[in-house]
Colleague: 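This is the structure, below, for whatever I ask next.
In what follows, every chain begins at residue 1, and chains take the letters A, B, ... in the order their sequences are listed.
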Amino acid sequence: MTVFVIRRFLQSIAVLAVTAIIVFIGVYAIGDPAEMLIAPDASAAERAQVVASLGLDKPLWEQFGTFIWNALHGDLGRSFVFNRPSITLILERLPATLELTLFGLCLALIIGIPLGLISGLNPNTATDEVIMTGSILGFSLPSFWQGMMLIMIFSVWLGWLPSTGRGQVGELLGIHSSLFTLDGLKHLILPAINLSLFKVSLVIRLTRTGVRETMPLDFVKFARAKGLSENRIVFVHVFKNILIPLITVIGLELGSMLAFAVVTETIFAWPGIGKLLIDSIMRLDRPVVVAYLLVIVSLFIFINFVVDVLYSLVDPRVRIGEAS
Amino acid sequence: MTPVLDVRNLSTQFMTRRGVLKAVDDVSFTVGQREIVGLVGESGSGKSITGFSILGLVDPPGRVVSGQILFNGQDLLKMPPAAMRTIRGKRIAMIFQDPMMTLNPVLSVGTQMIETVQAHDRVSHTEARQRSRDALGLVGIPSPEERLDSYPHQFSGGMRQRVAIAIALLHRPDLIIADEPTTALDVTIQSQILFEIKRLATEFGMALIWISHDLGVVAALADRVMVMYAGRIVEAGQVDGVLTEPRHPYTSGLLSAIPAAVPRGEPLRPIPGFAPSPLSRPSGCAFRDRCVRATEICSTEPALEIAAGREFRCFHPHVERAA
Amino acid sequence: MSITALFRDDVMLGRLIVGISRSPKAILASVVCVVLLLAAIVGPYLTPQNPFDLAVLDILDSKLPPGSESMDGLVYWLGTDGQGRDMFSAMIYGLRTSLGVGVFSGMVALLVGTVLGLIAAYFGGRIDALIMRIVDLMLGFPTILVALMLLALLGQGLWKVIFALVLVQWATFARAVRSAALVEKNKDYIEAARTLGISTPRILIGHLLPNCLPPLIVIGMLQVANAISAEATLSFLGIGLPITEPSLGLLIANGYQLLMSGEYWISVYPGVLLLVLVFSINIVGDRLREVLNPRLGER
């Protein structure tokens with residue numbers, strides 16, 4: 001187990017290093033870093049000062065060293081627009097994005113797993129057909145357009161829910177979240193649905209495939225022969241087997257949801273890091289863009305690492321196989 | 001003494017795209033209390049489906065279409081699903097062929113045993129665990145207490161089959177149906193498991209249906225044997241009689257195809273041809289295309305003949321000592 | 001030998017077609033796909049106006065609801081946008097761009113992925129390990145994240161978008177081709193071709209490739225649908241296509257601000273078209289996947 005975690009951790013570091021190199025190449029080698037990282041309206045003196053501080057006059061490998069060194073110290077440059085460290089800007093907005101993503105993920109599971117179970121337990125029926133066609137529709141719906149339609153229907157026409165922004169944030173046990181106030185929940189629900197719909201389709205398909213692959217297996221028949229109730233068979237025996245692929249994929253999808261939050265946040269004006277990214281791209285605030293990329297990739301790699309460790313906890317074959 | 005199990009005119013069919021498959025065709029037999037009955041046949045003869053039919057575990061598109069299955073006088077086929085569930089695992093237990101596949105890989109052995117206890121008896125977790133541990137000890141698994149927390153993949157094939165047997169024994173059922181439980185195991189393990197089951201069945205006074213394609217195994221174990229071919233029982237009787245003086249040509253064919261049963265120097269005589277496709281069985285005796293004794297009359301249905309404790313379906317039975 | 005390969009291939013393609021013809025849903029979706037493809041090809045002959053010819057646009061005609069009539073008698077069945085463009089015409093042109101970018105990037109990705117996948121499978125060893133390492137790395141990251149990274153650093157533009165789409169798609173093809181080719185590689189006819197002294201590229205293209213085709217067709221369809229969706233998303237975010245190449249995504253984005261004031265048609269109709277396009281391709285692709293992978297029984 002420990003060996004597995006350590007090995008997996010080293011792999012994560014390696015991927016992170018590769019990404020850092022790619023971002024570095026993107027900023028320093030392909031583009032003109034002076035233009036990218038120095039505000040367009042900077043004076044010649046300021047320009048020279050930044051060039052010196054970034055070491056842009058030094059050889060490339062040395063610049064890379066400085067880049068990594070600074071990054072390790074949490075220094076990812078200063079925003080031109082806000083004139084504050086870009087990492088601070090991102091960390092300020094990260095909770096809003098995490099809240100949106102995690103809530104969306106929960107929605108995807110709450111809606112997707114039951115539908116997938118229904119579909120998988122009643123294969124080739126009309127219900128199954130409807131659910132499966134619905135799931136294809138779900139991942140064919142361009143998420144930005146789907147978000148706009150949600151706004152049009154629930155905010156403009158019905159007037160039930162607010163269309164933009166994050167609501168009041170409540171506090172419970174030291175955690176700040178929109179989940180704890182009614183206003184916050186009202187603001188959260190549409191963006192979360194928007195972000196989750198794509199994943200609902202995926203969860204349905206995974207669950208259905210899992211059920212259909214597991215149900216004909218001998219151990220299910222044996223469980224029946226033992227006289228277990230159908231509920232116990234489906235929710236313990238079958239479900240625990242499905243859980244393994246589900247956790248892996250969900251974990252990977254959490255990363256993609258974090259990235260997709262860019263779209264949702266733009267449509268619903270949700271004050272998270274995704275909206276910050278698009279705003280920064282529009283304002284040519286490149287240090288923030290670079291910081292966003294590094295933070296999101298680190299986050300993504302961290303999630304993958306956690307998922308792998310979790311996976312080994314759920315599947316006894318992996319867990320014990322590594323120990324012995 | 002009433003039999004534990006009395007199967008009458010059981011037919012199980014599979015509705016497939018290419019037609020109706022008669023897996024079990026008008027099968028009748030009884031299993032007496034404490035009796036060990038061997039059910040022998042080639043793969044596809046319907047012997048496993050017979051076992052699953054008794055427990056009501058035939059998967060769609062298969063279905064029991066007619067007959068009665070009287071278990072202690074009660075017709076299992078008329079039982080509502082909830083009542084049937086209280087029979088399965090409690091009064092009738094089953095052991096499957098492949099021990100690698102019968103245990104859930106992601107649940108510990110203890111969990112899979114305790115749930116079986118609690119599915120039928122309202123007992124505490126501690127007591128259920130106690131009973132599970134005792135059952136593991138009974139089937140010869142060393143340090144059962146620790147093994148309860150192990151997962152199936154940490155056991156060898158033979159050990160897993162012992163676990164499956166322990167699960168079957170948890171409620172001391174009246175009847176155990178064992179579907180080729182030794183086929184997937186090494187030869188040395190096979191005989192261990194074989195005698196373990198025989199010992200336990202005798203010890204607890206359980207009746208046993210042993211499904212196998214191996215006449216040799218059945219000879220060593222069973223009181224009575226039934227030979228199935230193409231969905232039907234073609235011959236049944238006491239083991240000694242059937243194996244030494246087979247009446248049906250198929251039975252004698254099976255016997256002369258067993259390497260160990262044929263004296264050294266004499267050639268093995270495999271049965272020519274293949275079992276007919278279950279989708280298009282010939283009318284009359286299904287064996288007639290492979291039978292050297294077949295005549296015109298075999299294209300009509302042979303009646304079940306009962307003579308001196310022997311039953312067989314054949315127009316031209318062996319009367320003298322065969323093989 | 002190549003006859004055997006072709007024949008096997010024929011059987012597979014035949015199976016795909018039969019598979020579609022057995023599902024009414026898939027037949028309908030295929031018809032929609034073909035109609036949309038034709039509409040995109042003959043687009044300029046179909047539309048009442050060229051929405052990018054500023055001479056025919058009249059700002060007085062802007063934001064007209066569906067069914068309105070223009071000064072010169074032209075009926076705007078789907079209304080007009082903020083610049084007084086006929087929505088129907090703009091959508092057909094948008095469809096051309098969206099389909100064009102999706103299909104083109106899909107084809108290039110297929111080509112790149114196929115070549116690398118075949119090379120990996122055929123040569124094996126270190127080359128295989130290197131290519132597959134990169135494939136794993138690429139597939140480990142979500143499509144949208146890679147495209148975002150790239151376009152955030154490069155800026156918007158038609159070729160940049162295509163480059164980004166190819167970059168995020170090729171790995172899927174490479175993996176599929178490699179696994180299909182590995183299955184075929186050890187079969188007798190490849191060995192026979194090799195002993196006959198047929199050159200490596202000919203074995204790769206003439207023998208291995210045809211057997212990889214069926215899965216490639218399926219993945220290709222699903223990837224094109226993905227690419228169209230991804231391009232629309234990137235364009236909507238303002239980091240995809242420039243305003244001079246208005247795809248469906250950009251048309252929808254243009255209507256976004258007007259949605260609140262009730263001019264719904266400007267973003268709803270292009271959105272519906274985009275949805276129908278992606279949905280149909282996905283239905284056909286999904287059906288083909290079921291036919292190719294009958295493990296779970298025919299649906």
Side-chain angles (χ1 to χ4, degrees), chain A residues 1 4 119-128 206-207 210-249 309-324, chain B residues 48 51-52 54-61 81-109 111-121 149-154 160 163-164 167-168 170-171 173 176-179 184:
Chain A
M1 184 69 188
F4 172 73
S119 215
L121 292 174
N122 306 286
N124 304 326
T125 59
T127 320
D128 176 37
L206 279 173
T207 311
V211 171
R212 293 211 59 194
E213 282 177 348
T214 312
M215 285 311 275
L217 295 181
D218 263 8
F219 69 74
V220 173
K221 208 167 197 178
F222 188 63
R224 289 216 177 93
K226 293 195 301 188
L228 300 187
S229 68
E230 206 57 21
N231 276 345
R232 170 127 191 135
I233 292 171
V234 170
F235 292 109
V236 177
H237 281 254
V238 175
F239 194 68
K240 196 148 188 223
N241 275 276
I242 300 174
L243 211 57
I244 293 164
L246 211 54
I247 285 184
T248 327
V249 177
V309 173
L310 268 184
Y311 174 87
S312 71
L313 286 180
V314 176
D315 193 340
R317 287 162 292 192
V318 177
R319 190 191 334 152
I320 296 158
E322 287 289 335
S324 56
Chain B
S48 292
F52 287 128
I54 294 167
L55 275 177
L57 286 179
V58 180
D59 289 324
M84 192 62 212
R85 193 177 70 70
T86 63
I87 300 276
R88 279 200 288 264
K90 172 89 175 162
R91 309 290 2 130
I92 307 177
M94 189 154 179
I95 303 168
F96 285 41
Q97 178 171 0
D98 188 353
M100 298 304 188
M101 305 292 292
T102 46
L103 298 174
N104 192 328
V106 298
L107 297 176
S108 73
V109 163
T111 306
Q112 298 188 55
M113 296 188 77
I114 290 164
E115 67 179 4
T116 314
V117 176
Q118 292 186 326
H120 300 288
D121 296 341
D149 296 323
S150 305
Y151 286 85
H153 70 271
Q154 294 166 293
R160 283 193 219 188
V163 171
I167 290 177
L170 279 170
H171 291 282
I176 290 185
I177 301 170
D179 183 9

Colleague: Mind checking what makes ring pair (Phe, Tyr, Trp, His ring centres under 6.0 Å) contact with B:F96, not counting sequence neighbours?
Modeller: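 Checked B:F96 against ring pair (Phe, Tyr, Trp, His ring centres under 6.0 Å); matches are A:F222, B:F52.
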Colleague: What option among B:I177, B:I167, B:L55 has the most heavy-atom pairs under 4.5 Å with chain A?
Modeller: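 Going by pairs under 4.5 Å, I would pick B:I167.
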Colleague: Can you confirm whether A:L121 sits close enough to A:M215 that some side-chain heavy atom of one is under 4.5 Å from a side-chain heavy atom of the other?
Modeller: yes
Colleague: Using non-hydrogen atoms only, which part of B:A164 is less than 4.5 Å away from chain A: side chain, backbone, both, or neither?
Modeller: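 It is both, since atoms from each part get that close.
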Colleague: Is B:Q97 in contact with chain A via its backbone, its side chain, both, or neither, using a 4.5 Å heavy-atom distance?
Modeller: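 Interface part for B:Q97: neither.
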Colleague: So does B:N104 get a backbone contact from the side chain of B:Q112, meaning a donor-acceptor N/O pair under 3.5 Å?
Modeller: yes
Colleague: With sequence neighbours left out, write down each residue that passes salt bridge (charged side-chain N to carboxylate O under 4.0 Å, His left out) with B:R160, or none if nothing qualifies.
Modeller: none
Colleague: For B:V117, is there any backbone N or O sitting under 3.5 Å from a side-chain donor or acceptor partner on B:D121?
Modeller: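 Judged by distance alone, no pair lies under 3.5 Å.
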Colleague: Do B:R88 and B:L57 make a side-chain contact, defined as non-hydrogen atoms from C-beta onward lying under 4.5 Å apart?
Modeller: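 A side-chain contact exists here, since the closest heavy-atom pair is under 4.5 Å.
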Colleague: Where along residues 230-238 of chain A does a heavy atom come under 4.5 Å of chain B, listed by residue number?
Modeller: A:R232, A:V236, A:H237
Colleague: Under the rule for salt bridge (charged side-chain N to carboxylate O under 4.0 Å, His left out), what residues qualify as partners of B:D59, not counting sequence neighbours?
Modeller: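 Listed in chain order: A:K221.
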